Every structure is written in C-alpha cells, then in structure tokens.
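Notes for the one structure printed next.
Chain letters run A, B, ... following the sequence lines, proteins first, then strands; residues in each count from 1. In this text, all values refer to a predicted model and were calculated from it rather than measured experimentally.
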Amino acid sequence: MRMSRLFGKTQREVPAEADTVSHQLLIRAGMIHQEATGVYSYLPLAWRVLRKIESIIRDEMNKAGGQELSMPVLQPLELWQETGRDQAFGKGLFVLTDRRDRKLALGPTHEEIITQLVGHNVQSYRDLPLLLYQIQTKFRDEPRPRAGLIRVREFTMKDLYSFDADEAGLDRSYQLMIEAYQNIYARCELPALLVEADSGAIGGKDSHEFMVIAESGEDEIIGCDKCHYAANVEKAQSTKSKVGGGDPLPPEEVSTPGLGTIEEVASFLKVPASQTLKAVFYMADGELVFVSIRGDIEVNEVKLKNLLRCVELRLASEEEVIKAGIAAGAASPIGIKGIKIIADDSITTGTNFVAGANKPDTHLRNVNYPRDFKADIMADIANAHAGDSCPSCGAKLSSTHGIEVGHIFKLGTFLSEKLNAPYIDAKGEARPIIMGCYGIGLGRLLAAAIEQNHDDKGIIWPVPIAPYQVYLCPLYRENSKVAEVAEKVYAELEAKEFEVLFDDREESPGVKFNDADLLGIPLRVTISPRTLEKNSVEIKQRAEKEAQLVPLAEVKTRLRELL
RNA sequence: CGGGGUGUAGCGCAGUCGGGUAGCGCGCAGCGUUUGGGACGCUGAGGUCGGAGGUUCAAGUCCUCUCACCCCGACCA
C-alpha cells in the first residue's frame, strides 16, 4: 500500500476527546473515527488489524472444533421477554419498532437466538456435544461508553456457545475454550490473566475472565502474591481477620450526640472501626433491605445483588430510610422489624461490637451476634482488598487493574429450559441441553494491544496483528536512484507476500520517521543516498533503538528472520 | 440518572467577564528554497461561532430553552 493513497491521516496533536493512551494513538494514527458516543468507524489500518485478530480467533475456534455460523442482529423482543433477560438488560437493550409495530431488539448477545436455533436442530444426545460460534456486531446501550474502543455501544464480538449432554461434557467444552483462548492471546502476543469472575444476571456455575493488566483497565483484579488465586473484585473473596473483643458483655447504651459516620463514632468511643458494625440500606427492586457489616469493610454490591437475586440494586436515600421509621446514623439490626436483614459474615469475626441503638444520637456497646439479633441471610457480601488474606493460601492479596478481553461462562440449563431446547438421552428421556458461552470483544482486544505495546512515539504492534509488516521509507525521492530502488524493493517485497506500507510521500525524513513510529509497523526499511552508497538499506525494528545496515541482496532474508 | 466540564475552520485553541468588521498555531492548496527525527519564506482557500427562540440600532459575547460530546459516580454477561 502506498502511503500517498492510504485513507486516513496521521495527526500531530492529541485529540481533546481522548485521555486513554490507546484512544489517543488510534485517533492520531488515523485508525478510527468517532461517529457518536461509543460508536466508531474503523479506517483501513484499524480494519486490517481487526481482520488479523479475527482470523487468529477463527483459526483457534475451528481448531477447537467450533463451527462458524451467522445469526441476525435484529431479534424479536418477544424472544428476550421469554427468558426475562429484557429486564436484566434493561435500558442496555436497544429496542426499535418496525412498520408493523413489532418490537425488535438489536442483539446485545445471541444466547436466545442460538438456543432456539439449536432447539430446532438438535433432538438426540448423538448430536452433542456441539460448539457453534459467530463473529458478529453487538449492540449495547452502555450507560457510559468510554476510553475509545474499550467500552463502546456497537462492537464486534466472537461468541461461541457450547451444548453438552451432561456436566462432564460442559467441563470438557469449558476447558477446551480456556485452552483456545490462551492460544489466541499468545498468538496476539498479549499476556492475559485468567481470573474468577462474577457471572452476573445470567447466573450459572463458573465464570472466568481473561484480563490484560493495564493502568487504564476498568476492572479491579484481586490476586494472591503466592498462589494462583486471582479474581475480579466483584467476585473476589478474602479471609476476614479476627478482631477479638473478649468475652461477651451485656449491651450498654452510650450517648453519641451528632455522630453519624463510623469514623466519628469509632474515634469518639476510642475503638477501631473494625470493632463496630455498620448499617447500610439498599433498595432492591423497590424493597428496603438492611445490611449489617463490620465497620472497616465495604459492601460488595455485586455479591449482594446476586444474593438477593434482584434486577435493580442501589443505596437507599436518607428519606427512604427515615420513611421506614429508622434512625438514620444510629440504625441497628437490634430490635428492627419488618425489614429484611442481610449480614456479612464479618460480624462473626469478633465480639462486643459497637452498633447503632435505633435511637437518635445513641449507640450500643457490646453487641454480639447471634445473641442480640438474627439475620435473615448471612453470607459473604464483602469487598476484598489488597492486604487481605488469600482465601486459598492465606498469603497477602494485592490489587491491579485490567481490561477484560474475554469472558466465559458455564450457563447450565437456564436458557434451554426457558426456550425449550431439550435432547433425548440414551434412555429415551428428554433433558435440557447444558450450555456454556464464550465471548471475546475484538475491538477491545485491539485497544488492549495498544495499551500494552506503545511508547511515547506511538504504537508498537506485535507482528501477528500489525496492519503491515514493513514500513518502506525512502528518503530524498527526488534522487532518482533512491526512487528507482525503492520502487523495485517495494515490488519485490510485495511479490514475496510481505505486507508493505510504502511511504512514497514527498515528506521530510523527520515526518516520515515520526509517522512510522506512530503507526507502529514492526520493521522499517530506510533507503537513502547514504545507504545506497554501500549498496544497502537500513532496517530498524520498531521496538529497538538501533538500526542495521543490510545489503540490498539480503533484504528479504533479513526481514524474514525478523518477522 | 446524579455531579463536573466543553462546544468558535479538518485538528488544537484564543476571543465571551465588559455587545461594535471572527483570530492564532498545526494541517490543507500553489510557488520557491530546504530536508537522516515533526524545515523555512511568500501567496491562498477554508467558519450556519452546536441548534432554536428572545433582548438590542447591533449578539460568538447577554437571557431562555434545547442538542451533542468528555470526565467522575451510579450502571454495565
């Protein structure tokens, strides 16, 4: 490809819109253009990268035994209503109305469609296992798209679905996909960490995410320094420290005038926050819920939401709390009635806690569970923190940020039951097919690759996904020898199936070098009068500082070695 | 949805307080001189000042409404 003909211009200045590295570089390199919030055009360079990622993914899916198909973006809303997932997605679902007043959803994912499709085509256990996938555009009306291609509303995703007759089969399919995913990231030269994940509204047994560690990542990962434990903070557990407190003493009221927060109460009573119980109120699908948790620990809302099996969970407003007749700031699980009490198991890690007294400006000392109150549900609903103890080996946990570049789920039978997709087993009995699903966002993978591979000059593409392999850079093209050799080298390289971006522009060396660095093509071949004096060209790897002089006759061999 | 911010040429911005001929840098076009890490000179093109309504002799600037985009939070398979 000739630079002079390439659609898409590099730009010198950092766009005001972008404050994530990958977003800035993608725009500066002329690779993407924003059309609306979270909606982008891919210009030729970005499209080439995306296609390379796509072909790596396709190859690994096929190797794993997947069969590719294509399903519609436009899906009847009724299908979503049948599984109730229109509610789970809520406003995240793009819904439109056709001329006959039928409601259609733009597919945010394709579980419903494929389950129905498989239900029509699979009758027997002999048809299983089955791995089906597609690479398709998805639409989600995200509350807040951000960071360029990292979180968008329209995106290309590879989604594979597994269909098995039994749990053991699902486990095999799941394992097969983990391996396929690891191959994909390895081939993209992107180190991805497998972490335990929350499976969200869809439920199911296991779920894992593949994370690329990056400062700009939206997800927090809690990991053990010693063993292999790693989990999304939404899911992560930690062993809660014991706080002691001595033998249970009788409860005792203390006056705490004007003190509301845990910090205020704890410092006033001269006890650590870990020796207090905090009351947190939530509205779960419109129902007020009381949460009791140790004062130094925060509620993990994802865990709470899963526990309550609710669609909408948010902190209750002070008005809602007061309206329920509760003393805000001094609320207590003791003696409270007509409200569901959820307790984090941290409240059993000690004795003689300070808690509210359900009276304004009053707290209680020496509160003990279960002596003084009962919880309707006791569970782990705490946020794990760096510094906590690993639930698997007890060593210290640490925290990093990551970009989620893959998410896999053991779905189970929820969808095949709702949408009536049974198979007949060997005994002639009908059973629901057991499903799994496995997604990779291609655009996000592309962005993650940039987050992971760049310097202050620009992108440094890993060879397998680089838009071109070679940046052919003649200097002083008005020198007829340079022009002639450059054209010849270009033709020869293309003939040998090198992917070459030929900078045939009349630009100064500085401009060309800077564009070469910005675009991040792995190998740069410079031809100038200076190199031609020695009958050579200069080859430089994008990631390296030094260039090497290579005789013209050896260029192809040398490039081949470096790719 | 809550909080904060920004909309002026393809990009980055000034001008808005205090109303009076719409500017700068980059980029773009032409000519010339240059050129191994974003060269220089001259000439030139390019703007519904996000949109609508209002106040005024006069609005980029003041008022009302509205839209878009960005950041934080909520939210998010």
Could you state the atom-to-atom distance from OH of A:Tyr282 to C1' of B:A74 in whole Å?
-> 12 Å

B:C65 pairs with which nucleotide, Watson-Crick or G-U wobble, both distances below 3.5 Å?
-> B:G51

Whole-Å gap separating C1' (B:G36) and CD (A:Gln548) | 17 Å

With a 4.0 Å cut-off on heavy atoms, is A:Lys91 in touch with a base, just the backbone sugar-phosphate, or nothing at all?
-> nothing

Would you kindly give the NZ-to-C1' distance between A:Lys138 and B:C76, to the nearest whole Å?
-> 16 Å

Electrostatic pair A:Glu142:A:Arg151 at N-O distance under 4.0 angstrom = yes

Could a donor-acceptor pair under 3.5 angstrom be found where the side chain of A:Gln11 meets the base of B:G12?
-> no

Could you check whether A:Arg153 gets within reach of a base, just the sugar-phosphate, or nothing at all, counting any heavy atom under 4.0 Å?
-> nothing

Separation of atom CD in A:Gln87 from atom P in B:C76, rounded to whole Å = 13 Å

May I ask you to decide whether A:Lys303 forms a salt bridge with A:Asp380, counting only side-chain N to carboxylate O separations under 4.0 Å?
-> yes

Quick one: does A:Arg524 reach the base of B:G37 with a side-chain donor-acceptor pair under 3.5 Å?
-> yes

Could you say whether A:Tyr40 or A:Arg530 is positioned toward the 5' end of RNA chain B, judged by the nucleotide with the nearest heavy atom to each?
-> A:Arg530

Interatomic distance, A:Gln24 CD vs B:C70 C1' [rounded to whole Å] | 13 Å

Please check if the distance between the ring centroids of A:Tyr185 and A:Phe210 is under 6.0 Å.
-> yes

In whole angstroms, how far is the C1' atom of B:G73 from the CD atom of A:Glu301?
-> 11 Å

Does B:C71 have OP1 or OP2 sitting under 4.0 Å from an N or O in the side chain of A:Arg146?
-> no

Taking N and O atoms by type only, does the side chain of A:Arg140 place a donor or acceptor under 3.5 Å from a partner on the base of B:C76?
-> no

Touch check for A:Ala147, heavy atoms < 4.0 angstrom, all strands: base, sugar-phosphate only, or nothing?
-> sugar-phosphate

Heavy atoms under 4.0 Å, any strand shown: does A:Ala197 hit a base, just sugar-phosphate, or nothing?
-> nothing

Here the distance between atom P of B:G27 and atom CG of A:Asn514, to the nearest Å, is 13 Å

B:C72 OP1/OP2 closer than 4.0 Å to side-chain N/O of A:Arg144 | yes

Quiz item: cation-pi between A:Lys138 and A:Phe155, 6.0 Å / 45° = no

How far does the C1' atom of B:A29 sit from the matching atom of B:A9, given to the nearest Å?
-> 15 Å

At under 4.0 Å, does any side-chain N or O of A:Gln34 touch on OP1 or OP2 of B:C70?
-> yes

For B:G27, does either OP1 or OP2 sit under 4.0 Å from a side-chain N or O belonging to A:Arg12?
-> yes

Kindly indicate whether the side chain of A:Arg28 and the base of B:G38 share any N or O donor-acceptor pair separated by less than 3.5 Å?
-> yes

Report yes or no: is the cationic atom of A:Arg524 (NZ for Lys, CZ for Arg) under 6.0 Å from the centre of the six-membered ring of A:Phe513, at an angle within 45° of the ring normal?
-> yes

Between A:Asp159 and A:Ala18, which has a closest nucleotide on RNA chain B that is more 5'?
-> A:Ala18

Any side-chain N or O of A:Ser508 under 4.0 Å from OP1/OP2 of B:U34?
-> no

Looking at every strand, decide which applies to A:Thr531 at a 4.0 Å heavy-atom threshold: base, sugar-phosphate, or nothing.
-> base

Please work out if A:Asp19 contacts a base, only the sugar-phosphate, or nothing of the nucleic acid, heavy-atom cut-off 4.0 Å.
-> sugar-phosphate

Would a distance-only check, ignoring hydrogens and angles, find a side-chain to backbone donor-acceptor pair under 3.5 Å from A:Thr531 to A:Ile527?
-> no

